[in-house]
Visitor: 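Pasting a structure below so you can have a look.
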Amino acid sequence: MIGWWRRRSQATRLEWYVRGSFYGQLTLSPVLIGFLVQLEVSRTALGVVVAGFVVHTVVCLLLVHAGIGSYLGLRPRPTGLILAGGALTAAGLALGFLAYPHATPGRPDGPATAILIVLVVTYVTALCAAVRPRVVLAVVVGSCLFSTVTSSAGAAIALGALLVPIIGAYRVSLWMLGVVRELDRARHVQAGLAVAEERLRFARDLHDVVGRTLSVVALKSELAAQLARRGREEAVAEMLEVRRIAQDSLTELRAVVGGYRAADLDVELAGARALLASAGIECRVIGDGGALPPELQGTLGWVVREGTTNLLRHSEARTCVVTLRTGADAVTLTMTNNGVPASGKIVFGGGLIGLTERITALGGTVTAVRTPPDGFQLLVSLPLLSPAPAVVA
């Protein structure tokens, strides 16, 4: 149970806490009425009163459920449930005064007054999640005036003293829930924007290199075609120039791709910490790779970049630990984070597949496993001495 709760996001936990607070208070109403009035009437009358409160409570629970969804913008305002709850509240008040015909004004401790207070508190608690505060306050004022007429000023004061803190507490809880959900959505949007920005940068660099060269190749090829139609020998020189331009373009393209894939380890670690911190994720780095060869630093920097991207896109992480250990013949980099559902098989996407191919080509290994209760671990191991290239006969 604890592991299941830890796997939920912060926004989901807070939402369930708020809903549980509403539901818990509402479900106590029939029990409370049973204790308040059980000594005043017969079992039959008590059963009728409690049954009416159960129906009223069920409608209020549905109103709370729909009202929270409406407050969060997930569904329209539950007008039907609001009217149904109000009608049942009025009917319950009438039933209470019919069940206790001896109740008279001036008895704030009477059972009819107790029924009035519990019914109104239950309905207003459910209502404050579905409508604006000024509407709830208008209902509170009307209820207090009604209580003054039917019971006493003391009952009205007690009712107001109950309702005002309840309304304030639940409206603040709903406001906090809305803020946390908005921050959660912003974190996901920020992660997507970070990935999109990197793709845009690479696309822009690729366009600058290839677009210009292809334009020149097109012009040179058209000129060579025109010269060939006229039987001019300059066509050969133009085609040789096209070949040279294409070869230069290929060299530039490889440099762009190599610059994208190669990454300085310290720079990538600093960038990962800053990016994760901006997304509300605490990142801790253990170890130092400053003494590693540049080739290994570039490869491990790419691992950090890919691991950070996956963490932001596929988890609800709150913490991340990057551990770098250098042994006698190998170096290992481990990225561990929480916020990953425990169910489901780990599927390597395009990024992890490319990472595995690159690491395998260097004689290393890539391992991705789930860690209890809700963690994920990416472990990359690279030999300090690169394997000798194969000799082709």
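Computed from a predicted model, the values in this text were never measured in an experiment. This chain uses plain numbering: 1 for the first residue, then up along the sequence.
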Visitor: Under the side chain to side chain contact (heavy atoms under 4.5 Å, CB included) test, which residues partner Val55, sequence neighbours left out?
Guide: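 Partners of Val55 by the side chain to side chain contact (heavy atoms under 4.5 Å, CB included) criterion, ordered by chain and then number, come out as Leu88.
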Visitor: Thr299 and side chain to side chain contact (heavy atoms under 4.5 Å, CB included): which single residue from Val380, Leu333, Leu382 fits?
Guide: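 Result for side chain to side chain contact (heavy atoms under 4.5 Å, CB included) with Thr299: Leu382.
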Visitor: Enumerate donor-acceptor pairs with a distance under 3.5 Å from any side-chain N or O in residues 160-176 to protein atoms, sequence neighbours excluded.
Guide:
| unit_1 | atom_1 | unit_2 | atom_2 | d |
| --- | --- | --- | --- | --- |
| Tyr170 | OH | Ser21 | O | 3.1 |
| Tyr170 | OH | Gln25 | OE1 | 2.8 |
| Arg171 | NH1 | Cys128 | O | 2.7 |
| Arg171 | NH1 | Val131 | O | 3.1 |
| Ser173 | OG | Ala169 | O | 2.9 |

Visitor: Output all residues satisfying side chain to side chain contact (heavy atoms under 4.5 Å, CB included) with Glu241, sequence neighbours left out; order by chain, then residue number.
Guide: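 Per chain and number, Glu241 pairs via side chain to side chain contact (heavy atoms under 4.5 Å, CB included) with Lys220, Arg244, Ile245.
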Visitor: Check side-chain hydrogen bond (donor to acceptor under 3.5 Å, both in side chains) between Glu282 and all other residues, then give those that pass, not counting sequence neighbours.
Guide: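 Not a single residue meets the side-chain hydrogen bond (donor to acceptor under 3.5 Å, both in side chains) criterion with Glu282.
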Visitor: State, to 0.1 Å, how close Ala368 and Leu378 come at their nearest heavy-atom pair, and which atoms those are.
Guide: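 That would be CB-CD1, 4.4 Å.
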Visitor: Hey, could you give me each pair passing side chain to side chain donor-acceptor pair (under 3.5 Å) that has a residue in residues 68-89? Not counting sequence neighbours.
Guide: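 Counting only pairs at least two positions apart or across chains, the side chain to side chain donor-acceptor pair (under 3.5 Å) contacts touching residues 68-89 are His56-Thr89.
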Visitor: Under the side chain to side chain contact (heavy atoms under 4.5 Å, CB included) rule, collect the residues that match up with Thr326, sequence neighbours excluded.
Guide: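 Here the qualifying residues are Leu292, Val331, Leu384.
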Visitor: Whether the side chain of Ser147 engages the backbone of Ser143 through a donor-acceptor N/O pair (distance < 3.5 Å, no angle test) should be reported.
Guide: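 Checked: no pair found.
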Visitor: Do Val303 and Leu355 touch side chain to side chain, with heavy atoms closer than 4.5 Å?
Guide: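 Val303 vs Leu355: side chains touch.
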Visitor: Just to verify, what does Asp184 make a side-chain hydrogen bond (donor to acceptor under 3.5 Å, both in side chains) with, not counting sequence neighbours?
Guide: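 With sequence neighbours excluded, Asp184 shows a side-chain hydrogen bond (donor to acceptor under 3.5 Å, both in side chains) to no residue whatsoever.
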Visitor: I need the full list of salt bridge (Lys or Arg N to Asp or Glu O under 4.0 Å) pairs touching residues 225-237, with sequence neighbours left out, sorted by first then second residue.
Guide: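 Residue pairs with at least one partner in residues 225-237: Arg232-Glu234.
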Visitor: Just jot down the salt bridge (Lys or Arg N to Asp or Glu O under 4.0 Å) partners of Glu182, sequence neighbours excluded, or say none.
Guide: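 Applying salt bridge (Lys or Arg N to Asp or Glu O under 4.0 Å) to Glu182 gives Arg185.
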Visitor: If you define the side chain from C-beta out and look only at heavy atoms, does anything of Ile281 sit under 4.5 Å from Thr319?
Guide: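 Contact flag for Ile281/Thr319 side chains = no.
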Visitor: Quick one, Ile82 and Leu127 - any side-chain contact, counting heavy atoms below 4.5 Å?
Guide: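 Contact flag for Ile82/Leu127 side chains = yes.
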Visitor: Please tabulate, for the side chains in residues 59-66, all donor-acceptor contacts under 3.5 angstrom to protein atoms that are two or more places apart in sequence or on a different chain.
Guide:
| unit_1 | atom_1 | unit_2 | atom_2 | d |
| --- | --- | --- | --- | --- |
| His65 | ND1 | Arg19 | NH1 | 3.2 |
| His65 | ND1 | Tyr23 | OH | 3.3 |

Visitor: Taking side-chain hydrogen bond (donor to acceptor under 3.5 Å, both in side chains) as the test, write out the residues that go with Thr360, two or more places apart.
Guide: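 For Thr360, no residue satisfies side-chain hydrogen bond (donor to acceptor under 3.5 Å, both in side chains) once neighbours in sequence are set aside.
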Visitor: Sequence neighbours left out, what passes ring-ring contact (aromatic ring centres under 6.0 Å, His included) with Tyr123? Give chain and number order.
Guide: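 Listed in chain order: nothing, the list is empty.
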Visitor: Side chains of Leu362 and Pro383: closer than 4.5 Å at any heavy-atom pair?
Guide: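 Counting from C-beta outward, Leu362 and Pro383 never come under 4.5 Å.
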Visitor: Between Asn337 (side chain only) and Ala317 (backbone N and O only), is there a donor and an acceptor less than 3.5 Å apart?
Guide: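 Between the backbone of Ala317 and the side chain of Asn337 there is no qualifying donor-acceptor contact (under 3.5 Å).
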